[in-house]
Amino acid sequence: MSSGEIRGLPGFRDFFPEDFALRRHIFSAWRRVGARYGFTEYDGPPLEPLELYTRKSGDEIVGQLYEFADKGGRAVALRPEMTPTFARMMAARAGGLAKPVRWFSIPQLFRYERPQRGRLREHFQLNMDIVGETDPLADAEIIAAGIDALRELGLGSADIVVRISDRRLVGALLVAHGIGEVDHVAVFGALDRLEKEGEEGARARLAAAGVEATQATGLLEAMRLPLDALKAAHAGDRPVAEAAGRLSIVFGHLRAAGFDEFLRFDAGLVRGLAYYTGTVFEIWDRRDELRAICGGGRYDNLLLALGGVDLPALGFGMGDVVLAELLKDRGLVPSQLRRVDDYIICVSDAEREAALGLARALRDRGRHVLYDLRARGVGRQFKAAHQAGAARAIVLGPDELARGVVSLRDMASGDEREVAIGTLAGEAEEVR
Ligand code: HAM
């Protein structure tokens with residue numbers, strides 16, 4: 001028999017209490033924002049038929065699947081993303097739901113990637129998606145929700161930037177520059193790496209995709225223009241003008257809502273997943289030290305492909321791993337692991353029964369209560385109260401108890417006063 005330490009798998013996290021506190025902090029913020037935007041929460045199974053991903057997600061994510069045959073011989077995969085599950089579930093119910101539908105979820109996802117800072121083999125992801133609306137106002141709404149999910153955690157426009165583009169615009173630009181015939185997926189792949197690999201790398205990839213050097217020059221130049229200049233430079237081209245116009249409307253709505261300083265038009269952003277059909281966006285840290293925190297866009301054909309229901313949809317996924325790194329870098333991680341309102345201290349063992357009754361009454365009122373689990377000196381108990389970060393110490397002594405009172409100490413100020421034990425449990429609002 002083998003013995004010794006068994007370690008966890010690479011890329012999988014143990015959530016020690018301080019890690020869990022941060023996770024809960026992030027999830028609570030996400031849930032508050034989800035609710036504020038009128039989204040309702042759902043979940044799906046972590047294990048899905050393999051085909052759910054091979055049909056539409058694209059090669060990159062399929063190459064990272066945890067896939068296997070289950071004991072019944074079914075080809076299955078741990079979910080690497082939520083969107084296909086969402087599309088399947090939504091298609092099953094869509095007929096009976098009032099549109100637009102707004103759902104959010106916080107699934108744990110699994111991708112066999114090379115673990116590194118901000119990238120693991122499991123992560124949690126806030127998914128917010130809207131179904132049944134083609135108006136650009138829906139695109140603005142979903143981007144606003146993504147920004148607010150980060151603002152809720154203390155991040156501002158000095159910390160994060162939203163890069164926005166539209167695949168219809170990029171597609172129209174390809175046609176305008178005479179590249180309509182070549183494989184758009186390969187060209188999108190080259191453009192997606194423009195920022196990462198620089199212009200040289202992009203040119204090499206474009207050449208490999210069959211784009212001539214002069215066409216590549218024209219396209220890359222157009223990609224660098226601000227949206228208005230891009231529109232002006234292609235004034236005679238209807239598909240470009242239409243797509244650019246639609247994107248301008250999204251920007252306009254977001255500006256009207258006060259998000260201007262978060263936004264950046266970035267024509268080269270096309271995103272890795274195969275199913276996007278329109279607006280695409282990613283949220284990055286301003287210093288560009290981490291990978292994207294959030295990515296999403298419009299996927300108007302996926303519900304039809306996976307569920308046989310023809311409905312437009314859009315949404316985003318926001319990962320907890322990169323976000324937690326950013327919060328740590330910016331000093332935005334809350335230090336308090338738990339809240340302790342009251343620490344009950346017994347002068348002698350004779351007060352134990354009264355202390356237990358009082359603790360129960362206080363806990364019933366929602367207060368966070370601790371006491372020593374063995375008889376110790378008063379000094380040691382006060383020290384424990386300090387270490388626990390208790391807001392107040394409630395001291396039960398024989399003399400006080402005989403008079404029906406306890407001594408209440410404010411741990412921050414050190415002020416002490418006597419309170420009738422019978423009323424203590426009823427004065428919850430007075431303290432904290
Ligand atoms: P995605 O861009 O693949 O989109 O992932 C969204 C975010 O999840 C990323 O920006 C990143 O923060 C985080 N993430 C992804 N993979 C990892 C990983 N291995 N480790 C840590 N974090 C990771 C999607 O998944 C789309 N399904 C989002 C979506 C929803 N689009 C529409 N609706």
Side-chain angles (χ1 to χ4, degrees), residues 9-13 23 26 30 34 39 42 44 48 52-53 56-66 78-90 101-131 138-139 141-143 145-146 149-150 153 155 160-164 167 192 196 269-285 288-303 306 311-327:
L9 291 167
F12 285 77
R13 291 169 291 177
R23 170 171 148 186
I26 292 172
W30 283 351
F39 284 63
Y42 72 99
E48 289 275 22
L52 192 64
Y53 309 109
K56 272 284 176 187
S57 291
D59 294 344
E60 188 176 349
I61 215 164
V62 169
Q64 299 165 342
L65 283 174
Y66 275 89
L78 285 174
R79 59 185 176 193
E81 59 157 334
M82 195 59 172
T83 313
T85 299
F86 172 76
R88 182 174 58 69
M89 289 172 65
M90 182 54 71
V101 188
R102 298 166 183 244
W103 283 5
F104 83 94
S105 188
I106 308 180
Q108 190 173 23
L109 306 174
F110 305 88
R111 296 182 190 182
Y112 198 85
E113 297 202 55
R114 195 164 60 78
Q116 53 195 284
R117 185 172 187 226
R119 189 184 303 238
L120 298 173
R121 289 184 174 163
E122 54 76 23
H123 70 283
F124 288 92
Q125 205 186 73
L126 168 66
N127 277 247
M128 293 181 78
D129 291 87
I130 298 176
V131 166
D139 303 63
E141 176 84 340
I142 206 77
I143 293 170
L150 296 171
L153 288 157
L155 294 165
I160 53 166
V161 59
V162 194
R163 296 166 54 200
I164 309 175
R167 280 199 179 173
D192 198 42
K196 232 183 284 168
L269 181 99
V270 285
R271 307 236 330 113
L273 289 156
Y275 46 68
Y276 292 113
T277 54
T279 313
V280 278
F281 65 97
E282 285 181 350
I283 307 184
W284 290 74
D285 76 295
D288 241 351
E289 292 164 348
L290 303 159
R291 66 180 289 191
I293 308 160
C294 172
R298 193 171 259 293
Y299 50 98
D300 286 345
N301 303 329
L302 192 65
L303 268 69
L306 297 181
L311 279 172
L314 71 165
F316 67 78
M318 179 180 290
D320 69 327
V321 180
V322 188
L323 178 52
E325 294 286 340
L326 188 58
L327 294 178

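Since we're looking at a predicted model, the values are computed, not measured. Counting convention: from 1, in listed order, for ligands and their atoms alike.
The number of heavy-atom neighbours closer than 6.0 Å to OH of Y112, taken from other residues, nucleotides and ligands shown, is 12 or below.
Of the candidates T279, I130, I164, T279 is the only one forming a side-chain contact (heavy atoms from CB on, under 4.5 Å) with D139.
Around ligand 1 you find E81, T83, R111, E113, G118, R119, L120, H123, Q125, N127, D129, R271, L273, Y275, Y276, R291, A292, I293, C294, G295, G296, Y299, G315, F316, G317, G319, V321, V322, each with a heavy-atom distance below 4.0 Å.
The six-membered or imidazole ring of F86 lies near that of Y42, with a centre-to-centre distance under 6.0 Å.
Expressed to the nearest 0.5 Å, how far CG of N127 lies from CE of M318 amounts to 10.5 Å.
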Would you please test I26 and F124 for side chain to side chain contact (heavy atoms under 4.5 Å, CB included) and show each step? CA-CA 10 Å; I26 292 172; F124 288 92; over 6 Å; no
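With respect to E81 and R271, no salt bridge is recorded, no charged nitrogen being found less than 4.0 Å from a carboxylate O.
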